[in-house]
Structure formats: structure tokens, C-alpha cells
Engineer: 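Handing you this structure, nothing more for now.
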Amino acid sequence: MDEPILSIEERSAINGGSWFSSLSPSLRHDILRCAYVKRYRDGELIAARGTPPEAWIACARGALRVSSTSLTGKQITLTYIQPGAWLGDIAMLDGDELPHDNYAHGDTTTLCVARADFLRILGQHTELNQALLRLQARRTRQLLGLVEDLNTLPLRARLAKQLLFLSRRYGIPSVAHGEGETRIGLQLAQEEIAQLLGASRQRVNQELKALEREQLIRIEPGGLVVRNRDSLLGVASAEAH
């Protein structure tokens, strides 16, 4: 059942997002004033590929799994949207069908802005046009970096970079076994990690076990723990040259 307002933690996640927090107070106010809240259970479909865009969405809790389906019918995870991040603005702008499926990963809360409200705010705030350009530029840089890594780096280096990225985005300090360890709060199966890397689950499993033997990470039933960030960064950097 949808709740009419965000919780304190959810509002903090929205306001603390790096892109949203860079907007002026008046623009943030106008966006939040017309936004509505929707809540989903783990695995629920949020928006389907091929459907008309209905809302501009921000993740307030949990995560949004952005996925596609191969020609053989296999579902492929492309990325995860963390609390504080927005998506759907491309479809909002061009009015074309949604290019991917979005599912809730864990119990998830979204903040939604209807397309009519999005376009109205866009017309009232020149600042939003410029901010969206900056957001698209950032995404393009990230995408080009991923393509470069896929074509130039071995799986071990790409896995190390992905674990570092996940620890920055979803990291939770862990002192249960040692100071400086970081638990990745986003729980991913090895198949899901493999999909992010464009590799097989078997190969990713081998590389994860190798990193664990080297005491760079720890594999636990509840997820992954980065034990030595500097050494893991060294793996990514060394393999890149």
C-alpha cells in the first residue's frame, strides 16, 4: 500500500543525492511539491519496457534493477539505481517508449513526478535543463568507461572495479571482523554480479574465490565484504596497465 509521504530516512536519501542536492532550493521545492510516493516489494515490476513513460522516478529506499531481455528470453541486469538517484528523464524528454524494465530490488520506495508536471517544471526552470545536461554528461562518461573496460580489461580487473564501485555506492562500515572493512549493502547473487560484468557465473565465482583467498574480500551468506580497499584498487590499477 502506498504511503502519502516519505519517511525521514527516505527524504534524507532524496535530499542527499549528489545531483538533486546541487539544484537550487526553489527547483527542489517545485519538484517535491508535485511528487508522489510509491512502494514496492522485492521483485515487483515498477515500469515495463516498451510502455509509454508515465513518471520521472527517484529511488528513496532499496534499489531499482534496470534490466533487459535477450533474444533467447533471458533477463539481463544492466545496472542498479541507488537511493538518491533519478531515472526516466530520457523517456520524459523524447516521449518514446521506455527502453528497459525496472524492478524493485529489496523493499523499495520511489518518488515519482508525472510527465505533465515534469514538462511544466522544465518550462519554468531553465536551471533544470542545464542540470539534466550535466546528468546526461555524467552518465555518458560512465557508459564510455564501462565500454572501454569491457574491451581492454580482463575479468579480474573489471570485477575489482565493480566491487569498489558497489562499496562506494552501497558501502556500510563493518567492524565485526576488522577495522576498515566495508560491507556491500546491496545483496547480489553471483549471477547478478556476472550480468553486470558481461561474464559467466562460473568465471565470476572463480575470481571471487581468488580475491577471497588473497584476503581482499570475504564472501558471506548475506553478501560481500571488502576487506582491503587499497589492495583491491591495486588489482584494478595493475591490470589496467
Side-chain angles (χ1 to χ4, degrees), residues 41-43 59 61-70 72-85 87 100-108 139 141-241:
R41 295 189 181 277
D42 180 41
C59 180
R61 181 172 70 104
L64 275 66
R65 177 167 59 86
V66 180
S67 66
S68 182
T69 304
S70 69
T72 60
K74 180 181 179 181
Q75 194 171 88
I76 302 171
T77 298
L78 302 174
T79 189
Y80 292 87
I81 304 299
Q82 82 277 18
L87 82 161
H100 304 105
D101 294 314
N102 298 323
Y103 290 90
H105 188 81
D107 290 341
T108 299
R139 290 171 178 164
R141 286 180 182 273
Q142 292 173 345
L143 178 60
L144 291 175
L146 289 173
V147 173
E148 181 180 4
D149 289 349
L150 188 61
N151 285 278
T152 60
L153 297 182
L155 178 59
R156 174 180 167 88
R158 288 190 284 122
L159 175 58
K161 291 187 71 172
Q162 183 65 237
L163 294 178
L164 288 167
F165 173 76
L166 291 172
S167 69
R168 289 194 303 271
R169 179 170 283 188
Y170 302 99
I172 302 171
S174 175
V175 295
H177 298 280
E179 186 176 351
E181 295 188 348
T182 302
R183 175 179 299 280
I184 297 175
L186 184 70
Q187 294 190 6
L188 298 176
Q190 290 186 8
E191 175 65 29
E192 293 169 323
I193 297 175
Q195 289 178 14
L196 290 174
L197 295 168
S200 69
R201 186 192 62 79
Q202 290 80 6
R203 290 190 60 204
V204 169
N205 176 263
Q206 293 172 359
E207 295 294 348
L208 285 171
K209 288 183 176 178
L211 293 175
E212 186 174 41
R213 286 194 299 270
E214 296 166 28
Q215 299 185 1
L216 275 63
I217 67 170
R218 185 168 59 254
I219 304 172
E220 297 182 348
L224 295 173
V225 176
V226 174
R227 300 184 61 186
N228 192 322
R229 183 185 180 280
D230 290 341
S231 295
L232 197 60
L233 182 60
V235 170
S237 300
E239 297 283 359
H241 295 92

Engineer: Would you give the length of the straight line joining atom NZ of Lys161 to atom CG of Leu197, rounded to the nearest 0.5 angstrom?
Structural biologist: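 Separation between the atoms: 11.5 Å.
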
Engineer: Do the side chain of Ser237 and the main chain of Gly234 share a donor and acceptor less than 3.5 angstrom apart?
Structural biologist: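 Judged by distance alone, no pair lies under 3.5 Å.
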
Engineer: On a heavy-atom basis, which atom in Ala104 and which in Arg41 lie closest, and how many Å separate them?
Structural biologist: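 In terms of heavy atoms, the two residues are closest at CB-O, 3.4 Å.
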
Engineer: What residues, two or more places apart in sequence or in another chain, satisfy side chain to side chain donor-acceptor pair (under 3.5 Å) together with Glu214?
Structural biologist: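 Testing Glu214 for side chain to side chain donor-acceptor pair (under 3.5 Å), a comparison that skips the adjacent residues, returns Arg156.
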
Engineer: Taking only residues two or more places apart in sequence or in another chain, which ones pass ring-ring contact (aromatic ring centres under 6.0 Å, His included) with Tyr103?
Structural biologist: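 Result, ring-ring contact (aromatic ring centres under 6.0 Å, His included) vs Tyr103: none returned.
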
Engineer: Quick one: does any side-chain atom of Arg218 pair with a main-chain N or O of Val225 as donor and acceptor, under 3.5 Å?
Structural biologist: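 A pair under 3.5 Å: no.
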
Engineer: Given the rule in the side chain to side chain contact (heavy atoms under 4.5 Å, CB included) test, do Thr77 and Leu188 qualify, once you have shown the distances and angles that lead to the verdict?
Structural biologist: CA-CA 11 Å; Thr77 298; Leu188 298 176; over 6 Å; no

Engineer: Search all heavy atoms of Ala236 against all heavy atoms of Ala157 and return the closest pair with its distance.
Structural biologist: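 For Ala236 versus Ala157, the nearest heavy atoms are CB-O, 4.1 Å.
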
Engineer: Please report the interatomic distance CZ(Arg168) to OG1(Thr182), rounded to the nearest 0.5 Å.
Structural biologist: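 It is 11.5 Å, given to the nearest 0.5 Å.
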
Engineer: Within a strict 4.5 Å, meaning less than it, do heavy atoms of the Pro83 and Arg61 side chains meet?
Structural biologist: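 SC-SC contact between Pro83 and Arg61 ruled out.
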
Engineer: Checking Gln206 against Leu155 for the side chain to side chain contact (heavy atoms under 4.5 Å, CB included) test, could you report, in this order, the C-alpha distance in whole Å, the side-chain angles of both residues, the deciding distance, and whether it holds?
Structural biologist: CA-CA 10 Å; Gln206 293 172 359; Leu155 178 59; over 6 Å; no

Engineer: Please find the pair of heavy atoms, one from Gly185 and one from Ile172, that lie closest to each other, and give the distance.
Structural biologist: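 Gly185 and Ile172 have their closest heavy atoms at CA-CD1, 3.8 Å.
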
Engineer: Decide side chain to side chain contact (heavy atoms under 4.5 Å, CB included) for Leu224 and Ile193; before the verdict, give the C-alpha distance in whole Å, the side-chain angles of both, and the deciding distance to 0.1 Å.
Structural biologist: CA-CA 11 Å; Leu224 295 173; Ile193 297 175; 3.7 Å; yes

Engineer: Would you say Arg169's side chain and Tyr80's backbone share a donor-acceptor pair under 3.5 angstrom?
Structural biologist: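 A pair under 3.5 Å: yes.
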
Engineer: If you draw a 6.0 Å radius around CZ in Arg203, do more than 12 non-hydrogen atoms from other residues or ligands fall strictly inside?
Structural biologist: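 Not more than 12 within 6.0 Å, no.
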
Engineer: With Arg158, which of Val204, Asp149, Thr152 fulfils side chain to side chain contact (heavy atoms under 4.5 Å, CB included)?
Structural biologist: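 Of the listed options, the one satisfying the test is Asp149.
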
Engineer: Return the CD1 to CD distance between Ile76 and Glu191, rounded to the nearest 0.5 Å.
Structural biologist: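 Reported value, rounded in 0.5 Å steps: 9.5 Å.
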
Engineer: For the atom pair CG (Leu216) and CG (Leu208), what is the distance rounded to the nearest 0.5 Å?
Structural biologist: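 CG of Leu208 is found 11.5 Å from CG of Leu216.
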
Engineer: Does His105 reach the main-chain N or O of Ile81 with its side chain, forming a donor-acceptor pair under 3.5 Å?
Structural biologist: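 Such a contact is absent between His105 side chain and Ile81 backbone.
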
Engineer: So does Val147 get a backbone contact from the side chain of Asn151, meaning a donor-acceptor N/O pair under 3.5 Å?
Structural biologist: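 Side chain of Asn151 to backbone of Val147, a donor-acceptor pair under 3.5 Å: yes, one is there.
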
Engineer: What are the two closest non-hydrogen atoms of Leu233 and Leu164, and how far apart are they?
Structural biologist: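 Answer, listing the atom of Leu233 first, then Leu164: CA-CD1, 3.6 Å.
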
Engineer: Determine whether Leu159 and Val235 satisfy the following criterion, side chain to side chain contact (heavy atoms under 4.5 Å, CB included), listing intermediate values before the conclusion.
Structural biologist: CA-CA 9 Å; Leu159 175 58; Val235 170; over 6 Å; no

Engineer: Return the CD1 to CD distance between Ile184 and Glu220, rounded to the nearest 0.5 Å.
Structural biologist: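 So the gap between those two atoms works out to 11.0 Å.
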
Engineer: Sub-3.5 Å donor-acceptor pair from the side chain of Thr108 to the main-chain atoms of Ala63, do we have one?
Structural biologist: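 Yes: the side chain of Thr108 pairs with the backbone of Ala63.
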
Engineer: First locate atom CD1 of Ile217, then atom OG of Ser167, and finally report the distance between them rounded to the nearest 0.5 Å.
Structural biologist: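 With rounding to 0.5 Å, CD1 (Ile217) is 11.0 Å from OG (Ser167).
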
Engineer: Can you name the closest pair of heavy atoms from Glu212 and Ile219 and give their distance?
Structural biologist: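 So the two residues come closest at OE2-N, 2.9 Å.
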
